[in-house]
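Reviewing the structure listed below.
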Amino acid sequence: MDSLKALFVKPDPNAQMRKCNALIRSNIRKLDRDISQVKQAELKTKNLIIAADRRGQRNPSQARQAQREVREFAKELIRARRTTARLITSKAQLSSVQMQVNEAFAVRKIEGSIRASVGVMKDVNTLIKLPQLAGTMRELSEELMKAGVIEEMVGENLPVDDMLEDEEEEAEGEVDKVLGEILKGRMEKAGAAPSVPLPAQPQEQPAQLEEEEEDQEAMMDQMRNRLEALRS
C-alpha cells in the first residue's frame with residue numbers, strides 16, 4: 001500500500017530537505033571525530049620522534065637504530081598530516097554541499113521546480129569514495145536524486161589513488177624538513193646542555209631499551225592501522 005501511495009503522492013520537499021541535512025550533519029560529525037583521532041596520532045608521533053632522538057643521544061651504541069626510527073616516525077607524521085588535510089578538505093566540501101542543497105530547496109519554493117546542480121554532483125561523487133563516508137553518502141546521493149538536486153550518479157572512479165601514490169613518493173623529501181621543525185625546536189628550548197653520563201646500569205639498561213622499542217613499535221603499528229583505516 002505504501003509503495004502504491006509513493007507512486008501518486010509527491011514527496012514533501014521540507015521532509016526531503018530535513019533528511020538531506022541530517023545525513024550531511026552526520027557525515028560532518030564523523031569527519032570531526034576522524035580529524036581529532038588523526039591529530040592525536042600526530043601528537044603521539046611527534047613525541048616518539050623526540051624520544052627516539054633523545055635515546056640516540058643518550059646511548060651512542062643505539063644512535064644508528066634511533067636515527068632509522070626517527071626517520072620512520074617522521075614519514076608516519078607526514079602521512080598523518082596529509083590524512084588530516086584530506087579530511088579537512090572533505091569537511092569543507094560537505095559544508096559546500098549543504099549550502100548548495102539548501103539553496104536549491106529555497107529556489108524550489110520560489111520557482112516551484114528544482115534544477116540539478118553540477119557542483120553538488122561533483123562534490124558528492126568525490127565524497128562517496130571516502131571509505132568512512134561511503135554508506136551515508138550513497139544514501140544522501142539517493143535522496144538528492146529523488147529531490148532532483150543531482151542527476152543519476154555515473155559510477156566512474158576519480159583518480160584518487162594516483163594522487164595518494166604521488167604523495168607517498170614526495171614523503172621522503174619532506175622528512176628532513178619535518179625533523180628540522182621538531183628536533184630544532186626541542187634543541188633550542190633545551191639549550192646547549194652538557195652531556196652528563198647516566199648512572200651505570202649494565203644489566204637493566206638493555207632490557208629497558210628493548211621494552212621501550214617494543215612499546216614504540218606497538219604504538220606505531222596501532223597508529224598505522226588507524227591511519228590506513230582512514231586513508232584506504
Side-chain angles (χ1 to χ4, degrees), residues 30-93 126 129-133 158-198 201 205-232:
K30 176 69 169 63
L31 286 175
D32 282 335
R33 289 193 296 270
D34 290 341
I35 290 168
S36 177
Q37 288 178 4
V38 181
K39 284 189 175 295
Q40 288 176 9
E42 287 182 36
L43 183 59
K44 288 179 181 178
T45 309
K46 279 185 181 181
N47 290 335
L48 287 173
I49 290 171
I50 293 170
D53 179 69
R54 186 181 291 130
R55 192 177 74 248
Q57 292 182 10
R58 194 172 56 220
N59 302 284
S61 62
Q62 295 286 323
R64 190 182 295 273
Q65 174 65 24
Q67 193 62 254
R68 283 197 295 267
E69 290 178 9
V70 162
R71 296 190 72 80
E72 187 61 33
F73 294 151
K75 290 178 183 178
E76 292 296 330
L77 180 58
I78 291 168
R79 295 184 190 112
R81 285 177 173 179
R82 285 176 168 161
T83 300
T84 300
R86 278 194 294 273
L87 292 172
I88 290 172
T89 299
S90 298
K91 182 180 175 181
Q93 285 179 310
T126 301
K129 291 172 176 60
L130 289 174
Q132 59 268 45
L133 301 183
L158 295 176
V160 178
D161 293 338
D162 294 340
M163 180 183 70
L164 296 181
E165 287 175 6
D166 291 341
E167 289 183 350
E168 291 299 325
E169 290 173 2
E170 295 169 3
E172 188 64 35
E174 297 180 33
V175 170
D176 290 333
K177 182 179 177 182
V178 168
L179 291 178
E181 166 200 330
I182 296 170
L183 298 179
K184 182 183 176 184
R186 186 181 71 81
M187 288 187 292
E188 285 177 354
K189 195 180 239 183
S195 56
V196 180
L198 295 175
Q201 295 177 344
Q205 192 174 2
Q208 184 180 356
L209 288 172
E210 287 179 8
E211 288 177 5
E212 286 179 0
E213 289 173 6
E214 288 175 3
D215 290 343
Q216 289 177 353
E217 189 61 35
M219 190 180 295
M220 282 306 301
D221 286 341
Q222 187 179 13
M223 284 193 289
R224 284 191 193 105
N225 291 336
R226 287 180 183 175
L227 288 175
E228 285 302 319
L230 292 169
R231 294 170 65 246
S232 60

Nearest-0.5 Å distance that lies between atom OG1 in T89 and atom CG in L130: 10.0 Å

Which atom of A52 lies closest to which atom of A66, heavy atoms considered: O-CB, 3.3 Å

Non-neighbouring partners of D32 that pass side-chain hydrogen bond (donor to acceptor under 3.5 Å, both in side chains), sequence neighbours left out: K91

Atom of V175, atom of A74 and distance for their closest heavy-atom approach: CG1-CB, 3.9 Å

Nearest atoms (heavy-atom pairs only) where V70 meets I49: CG2-O, 3.8 Å

Distance, nearest 0.5 Å, that separates CD of E69 from CD of Q62: 8.5 Å

Atom pair CD (E72) and OG1 (T45), whose distance is rounded to the nearest 0.5 Å: 10.5 Å

Name of the residue among R81, R82, K75 meeting salt bridge (charged side-chain N to carboxylate O under 4.0 Å, His left out) with E174: R82

Partner residues of K39 under the side chain to side chain contact (heavy atoms under 4.5 Å, CB included) criterion, sequence neighbours left out: I35, E42, T84

Side chain proximity check, T83 to D34, heavy atoms < 4.5 angstrom: no

Residue list, side-chain hydrogen bond (donor to acceptor under 3.5 Å, both in side chains) with R68, at least two apart or on another chain: Q65

Step-by-step side-chain contact (heavy atoms from CB on, under 4.5 Å) determination, L31 to I88: CA-CA 8 Å; L31 286 175; I88 290 172; over 6 Å; no

Atom pair CD1/CZ of I50 and R54 - distance to nearest 0.5 Å: 7.0 Å

Side chains of L48 and E76 in contact at under 4.5 Å (non-hydrogen atoms): no

